[in-house]
Each structure stands twice: as C-alpha cells, then as structure tokens.
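Have a look at the structure below before the remarks.
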2 protein chains.
Amino acid sequence: MSDNDQSLPNAAASMSNSNCGDALPPVGQHTRQYETVRNAHETELIEDYVELIGDLIRHRGEARAADIANRMGVSQATVSKMIRRLNELGLVTSKPYRSLFLTEEGQKMAEISRTRHDIVLHFLRALGVNDNTARIDAEGMEHHVSDETLTIMQRFIDQHAKR
Amino acid sequence: MSDNDQSLPNAAASMSNSNCGDALPPVGQHTRQYETVRNAHETELIEDYVELIGDLIRHRGEARAADIANRMGVSQATVSKMIRRLNELGLVTSKPYRSLFLTEEGQKMAEISRTRHDIVLHFLRALGVNDNTARIDAEGMEHHVSDETLTIMQRFIDQHAKR
DNA sequence: AATAATTGTTAGCCAAGGCTAAACTGTTTG
DNA sequence: CAAACAGTTTAGCCTTGGCTAACAATTATT
Ligand SMILES: [Mn+2]
Ligand SMILES: [Mn+2]
Ligand SMILES: [Mn+2]
Ligand SMILES: [Mn+2]
C-alpha cells in the first residue's frame, strides 16, 4: 500500500547546484513529525490560557476574564467560552461573574508552561535575539520544543550566563 | 477601559524565593505576541502542504494525493479538501485524478518554507539535538521563527560548521 | 477485455476557536 | 437608592481541519 518508492523517469534534472536538499525522511518518521505538531496544536491554546491565568494571579492578585481578553487580544465572548472549556477539563474553578482560580492540576500545568516558556525566552536572548522579537518567537516556539531540546537550551543559557 | 493596573491588596505574598518571574509585559506587546502566533497558525498547514508537495516533486518526480495523505498521516479525504483550498489560493494547479503542480507562487512559498525549515533543522543539530528529535521540533518551530532569529541561527550554523 | 486494486472525490458529520449582538449581573456614583 | 457603567454570559454565526462512508476514475492483473 503506497510505500511507493520507485523513482519516476523524470525524477532526474535538478543537478544545477548541490541543491538536492536533505532527501525525504522515511514515511513513518515523517508522519510522526506532523502528528506531533497536530498534537501540540491541540494543547497550545489551553496552555497559554492557563499560563496567563497563573501569571495574572501571581502578578496582579487575581485573574479576571476582561484582563485575559485584553491581553490575548480576543473578545470577551471568546474568553468566556474558553473558560467553560478549561472548567470542563478540570484546570480552573470559577463562579459566575467572579474571578478565576487554578485547580491543583491547573497550577501544575501553569508552572510547567511558564518554566518552559522562560527557558525558550532566555535561550533566545542568550543567542542574541532582540528582547521584543524573542518574546514573540518564544510565544509560538515554546509549544514545539521537546524536553531534550529544552535541556540543551538550558545548558546553553547557563554557559552564557557566566560572563 | 481596563488598563486596570492597580494591584489588589492580596497581590503580595510570593516572596518565598526569588521566583517572581519576569513581570508581565505591557498589554500592547503581550497582545502582539498572541496575535503573531494566531497569524502563524493560519498559514502553517498551508506552508507544510506546499513544502511537502515541492519536496515530493523534487525527490520523486511527482506529488500524488495518496503520498501526501500517507506522509501527513491524514485521510485522503482531508488531502482532497485541502488541495481544493490550495487551488483556490492559487498555490497549486491540478486536474482531477492527476498529480499536482505548484504555481509560480506555490514554488516561491515552497522554497521559502524549505529554506526556513532547513535552517531550523540544521541549527538544532548544530546545537547538539539528536537528529530525530531535531526533525520533530523543527516541523513545529519553523512556523514561529522570525527572520531576525533565523539570521542568528544561520550565523550559529556557520560558526559551528568550520571544525 | 473483464475484473480487481488503488487512487481520488464528494457528502455529511464533528470540535475548536474566532466573531457580533443581546441579555444579564455587579459595582460605582450622582 | 436608582442609574449608569463595566464586566460576564449566552446565542448564533463562520472557517478550519479532522473524520467516515459511499461513489467514481484510473491503473494493474489475469
Ligand atoms: Mn507561554
Ligand atoms: Mn504560547
Ligand atoms: Mn515544514
Ligand atoms: Mn511544519
């Protein structure tokens, strides 16, 4: 079933420069790449919400829907709907018209996310990326960085902190 | 309108360690972070499709829907629908039941995406990340890396290539 | 050439994550 | 204390990106 690997006659050409690229990875590996990204996308937004809620509580004493909407650049209706979802997922508790609290599990996720986010951000800065750009890039990259890479980033930060 | 910055009475606590984190960025900047990520997510999948189609043509001589579905780990129906969209966007041309071709614009996008993907991949490897992990991380990270960061990554690669 | 297998398309379903408009609640203030 | 205002929720709409099942076209086998 379509492990179709016989290169066609017109597969040649393209010897112009050394630009043959990296050759396609084996199908199974390739599929796992895309799958991993799809999985990350399912949890991304949730992580950002939970992380933001944690940050608001930490820095401002409470997390209100309006502040979340404001920070995320999204309508309050969108936030309200999302909060219901976070509730169903057991990540936050909320009474109607009151501010939010993270559950145990929510706090755990918030901390993990924040730690990861910080490592990516500090890594980019250590690399020499401008702070504003680093913040923007980190916001997206954080969800696609494996533990292995994270460890290496941390090491890099440490090595560039001394002097 | 909710530039609400008066810290509440209970905002104190949390002097346990030096763990106060990085202080929230100004609202405008924070909003731009999330917006940038949302925008990236709109084009991500399209870029991956176009890039893959380009790679298939380059390495195998043609891009068939079945191969795309196979590589992406997704149903043929999903691919078929996506191809219609790519068509409407003017990125590919296709006759029913035949293999795909990239338009001028599609080729341009494919090349940009591939270049970016390669830089991120090579950067991760240069950093010391295991090849398999690097491939997985790169597949997601590539869509969230600014030109500025990309340039710095390229410099890093070059510096670590010589010896 | 007829049949079988593979490949591609279509229809219809679903969840996520946006939006606006309208209703409702809570708080501030005249 | 009654309005007015600010914050929250709900209802209903839309697009994206998955899926399965049924059907259609092409290609391969006998
Ligand atoms: Mn984050
Ligand atoms: Mn993020
Ligand atoms: Mn890619
Ligand atoms: Mn990708």
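First the proteins, then the strands, lettered A, B, ... as listed; each starts at 1. Heavy atoms only: backbone and side chains are in, while hydrogens, waters and symmetry mates are out.
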Exercise. With distance as the sole test, does A:Ser146 use its side chain to make a donor-acceptor pair with the main-chain N or O of B:Thr133 at under 3.5 Å?
Worked result: no
Exercise. For nucleotides 11-16 of chain C, read 5' to 3', which letter fits each nucleotide if B means a protein heavy atom sits under 4.0 Å from the base, S means only the sugar-phosphate is that close, and - means neither?
Worked result: -----S
For this session: Check whether the side chains of A:His143 and A:Asp48 place a donor and an acceptor atom closer than 3.5 Å, and report yes or no.
Result: yes
Exercise. So, is B:Arg38 near the phosphate of C:dG17, with a side-chain N or O under 4.0 Å from OP1 or OP2?
Worked result: no
Exercise. Starting at the 5' end of DNA chain D and moving along, which residue's nearest nucleotide shows up first, B:Pro96 or B:Tyr49?
Worked result: B:Tyr49
Problem set entry | Between C:dG17 (C1') and B:Glu44 (CD): distance, integer Å | 15 Å
For this session: Ignoring backbone atoms, test whether A:Ser75 places a side-chain nitrogen or oxygen under 4.0 Å from the OP1 or OP2 oxygen of C:dC19.
Result: yes
Problem set entry | Length of the line joining A:Asn70:CG and D:dG7:P, which is rounded to integer Å | 9 Å
For this session: Considering just the side-chain nitrogens and oxygens of A:Arg98, establish if one lies under 4.0 Å of OP1 or OP2 belonging to D:dG7.
Result: no
Exercise. Could you state the OH-P distance from A:Tyr97 to D:dT10, rounded to the nearest angstrom?
Worked result: 7 Å
For this session: Would you mind reading off the distance between A:Asn39 atom CG and D:dG18 atom C1', rounded to a whole angstrom?
Result: 12 Å
For this session: Take atom CD of A:Glu35 and atom C1' of D:dG17, then tell me their distance rounded to the nearest Å.
Result: 15 Å
For this session: Using atom CE of B:Met82 as one end and atom P of C:dG8 as the other, report the distance to the nearest whole Å.
Result: 17 Å
Problem set entry | Whole angstrom value for the distance that separates P of D:dG17 from CG of B:Asp48 | 11 Å
For this session: Please check if the side chain of A:Thr103 supplies one atom and the backbone of A:Leu91 the other of a donor-acceptor pair under 3.5 Å.
Result: yes
Exercise. Within this structure, what is the CD-to-P distance between A:Glu62 and C:dG26, rounded to whole angstrom?
Worked result: 15 Å
Exercise. So what does A:Val74 hit on the nucleic acid, given a heavy-atom distance under 4.0 Å: a base, only sugar-phosphate, or nothing?
Worked result: sugar-phosphate
Problem set entry | Partner of A:Ser113 under side-chain contact (heavy atoms from CB on, under 4.5 Å), chosen from A:Glu44, A:Glu51, A:Lys108 | A:Glu51
Exercise. Does any donor atom in the side chain of A:Asn39 or A:Glu35 lie under 3.5 Å from an acceptor atom in the other side chain?
Worked result: no
Exercise. Short question: side chain of A:Thr149, backbone of A:Val145 - any donor-acceptor pair under 3.5 Å?
Worked result: no
Exercise. Is there a side-chain polar atom (N or O) of A:Thr78 under 4.0 Å from OP1 or OP2 of C:dG18?
Worked result: no
Exercise. Parallel, tilted or perpendicular for B:His144 and A:His144, by the 30°/60° rule?
Worked result: parallel
